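Note on naming: letters A, B, ... go to the chains in the order of the sequence lines (proteins, then strands), and numbering restarts at 1 for each one. Computed from a predicted model, the values in this text were never measured in an experiment.
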Amino acid sequence: MTRVPIPAYDPATVEAKWQERWAREHTDEPDLDRPRRPFYNLMMFPYPSAEGLHVGNMFAFTGADIHGRFKRLQGYDVFEPMGFDAFGIHSENYALSVGVNPAELIPKNIATFRRQLRRFGGMYDWRHELSTTDPRYYKWTQWIFLQLFNAGLAFRKKAAVNWCPKDMSVVANEQVIDGYCERHPDTRVEQRLLEQWFFNITRYAERLLANLDRLDWSESTRTLQRNWIGRSEGAELIFDTPAGAKITVFTTRPDTVFGATYLVLAPEHPLVDELTAQEQRREVNAYRRAVQSKDVVARRVGDKTKTGVFLGSYARNPATGEAIPIWTADYVLMEYGTGAIMAVPAHDERDFAFATEFRLPIREVVRTGEPLPSVSEDGVLINSAQFDGTGCRDAQRRIVAWLVERGLATPQVQYRLHDWCISRQRYWGPPIPIIYCDRCGPVGVPEQDLPVTLPIIEDFRPDASGVSPLARHKEWYFTKCPRCGAQGRRETDVFDTFLDSAWYFLRYPSTEFDDRPWDPARTKTWLPVTTYIGGNEHAVLHLLYSRFITMVLRDLGKVAFEEPFPKLRAHGLLIKDGAKMSKSRGNVVVPDAYIQQWGADTFRMYLMFLGPYQEGGDFRDTSIVGVRRFLDKVWTTAHEAAGADAGALPDALERKLHQTIRKVTTDTERLDYNTAIAAMMEYVNVVRELGAPSRAAIEPLLIMLAPFAPHVAEELWATLGHEGSIFAARWPSFQEQLAAAGDVEVVIQVNGKVRGRVTVGRGASEQEVLALALRDEAVRKFVDGKPLRKTVYVQDRVLNLVV
RNA sequence: GCGACCGUGGCGGAACUGGUAGACGCGCAGGACUUAGGAUCCUGUGGGGCAACCCGUGGGGGUUCGAGUCCCUCCGGUCGCACCA
């Protein structure tokens, strides 16, 4: 073999060369109109923060990119788009802090992200980049709103909403953490009553829940969604009052109705006034005022002492006929159920605490053998007239049936899920396309007038009035009513960003069309998304909202499927020193310096090697060098192979190769990237140990390496004399017989303890192995002199001798 | 409180349906080559013991020929939900 000097591996040169070539040759741009095997590889698009892409983003995107490149090598036409979720309070607050309009800042941030995303070697089809802030995009966000509006799924409602005094804006329930603003952990969220736009997502609760069963998602993500939807089965029971008012309560435990010793209405309940006795009025009103001024923390935190006021009137228990007192208390929430409950202190912890506090009667009606309050449903009814002795579950059905017959109950299902509030009293979002007319009411902006462009204004600062800054922009604010032509006023609220991101996957394949949100043919070809990869932080809201919007569009005949993401994989979180990376903690790691020092390929692989992709891990840079050493070894070996004579692989190497292909294929398919990398490392070690670098040994490795380290794989592929991109090659296949051939080591155990090993041909019989085993010194020492009571043989693995 | 997941060398982590615990990598130790090396290569590396062996996957118990893996229980951690009737 002739020794040719091997050039040094310089990632910067190699990576620049291939990135330039991929762009020039449109390597990453599939034919969207006539693909042979379309594969839509989607990753959750980033919010382009001013700090740029951080290693957490890169961890996420690398794993998704590997998936796309892997599928590409398996012969799919992979469409891997990238875009930016650039509207929202996040950008707006940053813009406010630096005193520049976000419209000016965002393009710069996007440019930084784009540069970083290109630099790390993502296989993105940049022809189809999108940004939610682009009027060509949000025109269709507004259009989607109008579809829901016209279908009666968007409505206005005055609602108690969370108000963050710092943001001076409404924040969603889900953005409130323990009563504090998610963005301002030192700021308590207050309650305010505002007129808001909502989407009627609760109407879809049942379908959103039921469909979960047939999605290829991780069980944990589905559980999160199920809990969020929070379905409860029960009944509405009617308690009437002497004055004629009927109070409807929701309960999941109708079997305990005989133990309902009082009723509680939420302070906001519409019947409170009517049911309050004259002499209690002053006290009740004072209580209601006090509750209203309370912030959400005090209202929501569970373990505090209960407060409440007796209304001075009574209702009739539909089961016992007794008059029971009616109270109001803030532990009952107006947003859930009917805003009124029957209190069964013996069998509910909250009611028990309340009854104890106010000395209300506690009547045990279910015998469970546990002390009160006992909430178990494994009990038998007592003190319940004709139902005594009935088991709880049985009693639930029978009591409901009995009350239904008398018109006092309706079986009912309740959801924890609330309607989706899409209004934000902010500037940086797509304006809600509604015009208010004194004569016509709220009128949707006609499609031909879309988009309602967000004006660039100087004073985009929100104020405490609760009215969006857009209201101050008079020439924008006043407009003609599209229906009657009279002067109207624009809606000044903008959309929640979750609406921007609830449909972006529909837009990607169709970004070049301005006359339609998505092209029917393109959509038919590419959707639903083949694999969706993203973080668990979006397990609930983003995914639920996207599913909801898709479902509605399906019902309106706009798309042909109702689940946008049949296959979802969630990557883990990359943390730093045991904590989530965040700007406030100051532990955000930026990838640029690492990429510069080690190269994008090394850094990509390192991120994938530090832990299981779907679990995440702690970022520390101590072992990057190991990955770089591996790529150096591959580099050297491939160059040696280029100069080596062609020849057959030694048997041992051939077997190892087939085993490696098998392992890397299954692991990569499952996104178990860390073990796939380990298998490739092991293989290269074997190639080097056997001193057998050759084309046959190294070419399949390069193809398997290509998804992980695409640049160096391309370079070495060329070194071996190939003309085109390595991504035009086919993923290597393995032969099971070749992977399995050869001898195996069978472990010999005596009474379950390892005492020896014997080498036999694969598939050897028990007798054969036993004979060899009994010749083994160490084994004999433990067996000799004792009768063999039993043997357990596991083919090719273990023989256990029981003596 | 409820729900889900997790606990393996000095470190990150392997171990498919119960079947050789610690793959792969970092680090560390020794050696080779070198003017030098934080470069490269080789050897070793769970703990104890001179050895035969013994002990080892958070603690305790169980099932099994055999348990990191299954069951019970306790301890510790992460995440989600949380006055949802």
Side-chain angles (χ1 to χ4, degrees), chain A residues 174 178 218-224 226-228 230-232 234 249-253 256 260 264 266 299-304 306 329-333 335-344 347-351 353-354 375 414-418 536-537 539-540 572-573 575 578 580 606 609-612 615-627 629-630 632-633 636 663 666-667 670 672 674-685 688 745-757 778 781 789-803:
Chain A
E174 30 297 320
D178 288 339
S218 81
E219 192 50 46
S220 62
T221 307
R222 290 188 291 173
T223 302
L224 283 173
R226 281 192 196 103
N227 293 344
W228 192 263
R231 184 183 199 272
S232 293
V249 305
F250 173 73
T251 179
T252 54
R253 293 295 303 275
T256 62
V264 187
R299 185 74 196 266
R300 285 275 167 97
V301 168
D303 56 2
K304 58 156 184 124
K306 299 278 184 284
D330 68 355
Y331 81 93
V332 173
L333 309 173
E335 309 93 79
Y336 185 78
T338 61
I341 61 152
M342 66 173 198
V344 185
H347 306 293
D348 182 281
E349 282 175 40
R350 297 150 300 174
D351 297 344
F354 191 82
V375 297
Q414 279 294 333
Y415 300 92
R416 204 193 72 102
L417 181 71
H418 289 48
N536 251 324
E537 68 273 21
V540 178
L573 195 63
I575 58 176
K580 204 167 162 173
Y606 171 65
F609 189 56
L610 60 72
E615 284 167 38
D618 206 356
F619 180 85
R620 52 171 63 91
D621 49 23
T622 51
S623 48
I624 298 182
V625 66
V627 173
R629 281 178 193 151
F630 165 69
D632 282 334
K633 250 189 270 189
T636 307
K663 174 133 185 83
T666 54
D667 286 2
R670 288 199 300 241
D672 289 339
N674 56 334
T675 51
I677 293 169
M680 288 189 276
M681 288 175 165
E682 213 177 321
Y683 176 71
V684 173
N685 290 342
R688 299 201 66 75
E745 205 175 55
V746 174
V747 166
I748 310 301
Q749 297 181 333
V750 179
N751 291 338
K753 285 194 184 266
V754 179
R755 299 300 179 187
R757 352 184 109 85
K781 202 163 83 189
R789 283 199 293 134
K790 180 178 173 183
T791 60
V792 179
Y793 181 54
V794 181
Q795 186 79 65
D796 298 336
R797 278 188 188 275
V798 65
L799 174 69
N800 190 11
L801 310 175
V802 187
V803 293

#### Entry: Donor-acceptor pair (no angle test) under 3.5 Å: A/Q749 side chain, B/rG19 base
yes
#### Entry: RNA chain B: 5'-proximal contact among A/L610 and A/G230 (nearest heavy atom)
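Here A/L610 is the residue nearer the 5' end.
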Spacing between [X] atom [atom1] and [N] atom [atom2], to the nearest angstrom:
X: A/R688; N: B/rU40; atom1: CZ; atom2: P; value: 12 Å
X: A/D672; N: B/rC16; atom1: CG; atom2: P; value: 11 Å
X: A/D348; N: B/rC83; atom1: CG; atom2: C1'; value: 9 Å
X: A/I341; N: B/rA85; atom1: CD1; atom2: C1'; value: 6 Å

### Task
Please state whether the rings of A/Y336 and A/F250 are parallel, tilted or perpendicular, taking 30° and 60° as the class boundaries.
perpendicular
Please determine if a side-chain N or O atom of [X] lies less than 4.0 Å away from the OP1 or OP2 oxygen of [N].
X: A/R629; N: B/rG27; answer: yes
X: A/S623; N: B/rG27; answer: no
X: A/N685; N: B/rG25; answer: yes
X: A/K781; N: B/rC53; answer: yes
X: A/K753; N: B/rC55; answer: yes

If you measure from the [atom1] atom in [N] to the same atom in [M], how many Å do you get, rounded?
N: B/rA14; M: B/rA67; atom1: P; answer: 23 Å
N: B/rG46; M: B/rG10; atom1: P; answer: 10 Å
N: B/rC65; M: B/rG3; atom1: P; answer: 34 Å

From C-beta outward on [X], which listed nucleotide comes closest to its side chain: [options]?
X: A/N674; options: B/rA14, B/rC65, B/rG27; answer: B/rA14
X: A/T252; options: B/rU20, B/rG27, B/rA85; answer: B/rA85
X: A/V794; options: B/rC26, B/rG19, B/rC24; answer: B/rG19

### Message
Are there runs of at least three consecutive Watson-Crick or G-U pairs touching RNA chain B, with each pair's two distances under 3.5 angstrom? Give them by first number.
### Response
B:1-7 with B:75-81, B:10-12 with B:24-26, B:27-32 with B:40-45, B:46-48 with B:53-55, B:58-62 with B:70-74
